[in-house]
Amino acid sequence: MTQTDPTSFLPMTPVAFHVLLALEGGPQHGYGIKREVEKRTKGVIRLGAGTLYHALGSLQKRGLIAECDPPAPQAAGSSRWRFYEIQPLGARVLRAEASRLEADVAIARSRLSPAEGRVS
Amino acid sequence: MTPRRSAPRELTRLDRFLLGLLLRLFPRPFREEYRHEWLAFVQQQRREPHYRVLILGWLRFWMDIVRDLAASLSRVRRDRSPGPRSHPGKPLRATLVESLRQDLRYALRTLSRRPLFAAVAVVTLGLGIGAATAMFSVVDGILLTRRQYREPDRLVSIWQSIEGHGGYTDAGETRLDYPEYEAIREASTSFESVAVYAAAWGKTTLSGGPTPEIVTVGAATASLLPVLGVTPILGRWFLPEEEGEQVGDKAMVTVLSHDTWTRRFAGDRDVLGRTVILNGRSYTVVGVLPADFRMQWLSASLIRADDPGPRDFWVPVGAPGWVPARGSTMWEAVGRLLPGVTFEKARSETSAILADAWHWGRSHAVLVPRVEDEARGISSPLFLLFGATGLLLLIACGNVAALSLGEMPGRIHEVATRAAIGADRRRIVRQLLTESLVLGITGSALGALLAVAGTKALVSLAPPIPRMELVRVDLTVLAFAAGLGTLSGVLFGVAPAFLTARRAVGTTLRSGGRVGSRRKAGLGRWVLAGEIGSTVVLLVASGLLARSLSHLLDIGPGFKPASLAEVSVDLPVDRYKGTRELNTLMNEVLRNMRSVPGATAVSAANALPFPGNASTWGVRLHPQDSTYLMSVGYHVAPGYLRFMGIPILDGRGIMASDDADSPPVAVVSESLAKALWGDRSPVGQEMTYPMGTVTVVGVAGDVRQTVLQDAPAATFYVPFAQHARWRLSFVVHTTAPGGVVFPAMRAALWQVDNDLAITRSGYLSDAIKDSAAGERYRAVLMTVFAVLATVLAAVGIAGVTARHVAHRTREMGIRKAMGAGDGILLGSVVGDAALTGVVGVGAGLLGAFWMRPILAAFLFGVKGFDVPIYAGVAILFLGLSTLASYFPARRLLRVDPVMVLKEE
């Protein structure tokens, strides 16, 4: 496989970013991702079914994530779910997006005057 | 429906259905890929604690679903169609389906942006649709569903009307005796076949288990099922050779009701051939009836007597206790007309046959279409209530329409923008209509949920109405709810949609949508006035029904029913040949009854008021008189009048010395005395009734017979010892608990004759209360509907006023700046609302006045035009509309004139 440039996927939508972030911790099914994201963002990002599966679909199409077998211990109760795992490319894109955001935030911080709270 | 405790919620069937529909909005590839995951996800989501609170949780859940749908649909579709469609500015020829989907998405998006409006609209519609649907399920189950009969149009009930003999029904019809049925069967050329059945007074004991249980038994001819066109679901019905008197040990057969089969025999298919013991005789089970077989004792329900409902067991005519005898008019008849035979021909022919067959009076046939007969006395109250829910739904629609109109000024800008970028007016109307359809359909989903609960409540509160137990929310009912939702969506959506589109297309963006807001407020006010008017009609109706009910319950029955416990039996003619045997039985049972716990006194009669199942006789002063007075005759034990608390006004009561050997005597009621003798005292006078001539020895107070609203009938009392009947009601005065009293009374009875079938048992006071059950049901339901309507109307007034205030802020600010006081401003807004109230209340009172004839049939002791009620409702409503507008209007006081002027 040729090395794809991860920056060509940037910028990502917040949903896609958080989905990748959730999968970084290991394979997960749709509802698990939703819970993970909600926990992490303290409920700021609430994923609905349509939004989530649209994001999963497009991430999969672009090779950032892939479907995988359910992890063994959970198989009994959650076999009906499709599980997804992050791909190496996905992990690189995630890092690239994180540093892009970091850079953006740094710029914003330096340019924002705390007194007025306005972008000049 | 939903359990109360705060357990995780699951998706209901309705939810799944709706989700399935919504899923179709996604493009096919997405749907095929993610269908299962999507549903599993949503199912899991529903279980979240966030959505646990009953109806609120459900609404929250659906709001989130719709929000997600609105957000994701556009993304999914954008991904799919990257072609020329995504180029803006170029009008594309989308297919109809495509543009419908767009409208739907647009509607979902705009609605989710106005959650309060959407929630109020959906809840309002849900209430209206729920009430109408629940009532419809009752109407549908009781009146419209006639699946069980083949070609029901050809089925007729056959009654007779005997001159000089009162009837069982309001129209005075009487049942047939068996020889009359045989005569019709043999001689009639109008009927394909005729059948009779006796379904009421046949409670009997089923033994074979540990304790005898009381079950209900009906008897019928072998022709009954063929006539109706019903087939058993298991086994067979009776054969003609199984009819007729059963002699010796000949095997007897029985057919089970579906209910008995499932409850007592656990739906076991091997039940055929099993033996059951009824009243000590064994019967072989030969068949099981379909679940919707509901042959009822129409005469019992028509005189509002206690009817035990569908029979548990059916036996052929001639089985012990069901021996056909001349003069025993216990058989209800149903016939199937031959094709092409007119009703009139069948009637006159049957009349001729009956005239020959009847042995002591002139009789003619009364034919009633079966379907109509089964709904007699039931349909008009149901339609009254159904009409009330229709009005409630109209009010709900009016509410949403008024709210939508109130939203208009705020939306003109948005819509004008769409018009400016090229949407034509038709498209805009369609979009706005889609929005109201979405509201309507969501409302009907909520309504269907409410209807499930409402129907259960309606059924459990209902007075005994045949077939009530068949009422349920089925597909027809759900379709009705969906239809109502769509219809109401169009109903409340059309005017606002057209108005908005017209305004918007002609409006420049710059005017900020302030144009024309006055006129729309005007239309909203008219809608509101109509709504108030309808509510007033409902309130007046419920007030009248409630007042009528209280009038009814204030009437004394003419005797003292407190603490009187009754057990009634039918006595077999074959074992009790005449007055002597019957009287002996009565005295023995009465002696036993004295030892019933707490018994202070006992008595008996062949019948009791409420149900008032005594026979009616023609009474004359002299045997040769050609005119007679229809009177109710009671055959009573000594001391009955004193026992019942019926006052003796003149002379004496029936005494123990009035036995078979002494001269026949009677006590007459006040009204009978007045009718026959005027102001003279009847004591010592003679009168004649079909059983003989009697001497009047006393005058007793009047007693109401079957229902409290009917004036007391002319009544006479004769000693049971002198003229007995084959039916006895034993009454015990006791304050001991019913759980002890009734078993003891039954035991006292069975100690004398173990084979007696108990036909009724209960307290007389309950029987009186039950006689007004229909009135109570109507009054309670009408009140519930009226209260709902009032709440909706209040919400409507408050909502419309709030909008109105919001759009007049600028005007008010300016007026304030120019020195107008708060009072004047408040007055102008509240005054507007009050004016609407006055118009609405006026229209409503006129409407109620106009509807008097419809209500009059249901009223007792109240005129259709009752000034206190009309006035009370008017005052209530004027106050309500002022209050409901006052609170939103107070917001004006906070308007800062400086801010307003600055904006200008």
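When reading the values below, keep in mind they use all heavy atoms of this one structure, side chains included, and skip hydrogens, waters and symmetry mates. All chains are named by letter (A, B, ...) in the order of the sequence lines, taking the proteins before the strands, and each is independently numbered beginning at 1.
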Looking only at non-hydrogen atoms, find the nearest pair between Leu52(A) and Phe41(B) and report the distance. CD2-CE1, 3.5 Å
Does the side chain of Gln44(B) reach to within under 4.5 Å of the side chain of His29(A), using non-hydrogen atoms? no
Is any side-chain heavy atom of Tyr34(B) closer than 4.5 Å to a side-chain heavy atom of His54(A)? no
Do Glu48(B) and Lys34(A) touch side chain to side chain, with heavy atoms closer than 4.5 Å? yes
Carefully, step by step, assess Glu37(B) and Tyr31(A) under the rule side chain to side chain contact (heavy atoms under 4.5 Å, CB included). CA-CA 9 Å; Glu37(B) 286 280 304; Tyr31(A) 203 76; over 6 Å; no
Would you confirm whether Asp68(B), through its side chain, and Thr51(A), through its main-chain N or O, come within 3.5 Å as a donor-acceptor pair? yes
Compare every heavy atom of Trp38(B) with every heavy atom of Gly50(A), then report the nearest pair and how far apart it is. N-NE1, 3.5 Å
Neighbour count >12 (heavy atoms, 6.0 Å) for atom CZ, Arg31(B): yes
To the nearest 0.5 Å, what is the distance between OH on Tyr53(A) and CZ on Phe30(B)? 9.0 Å
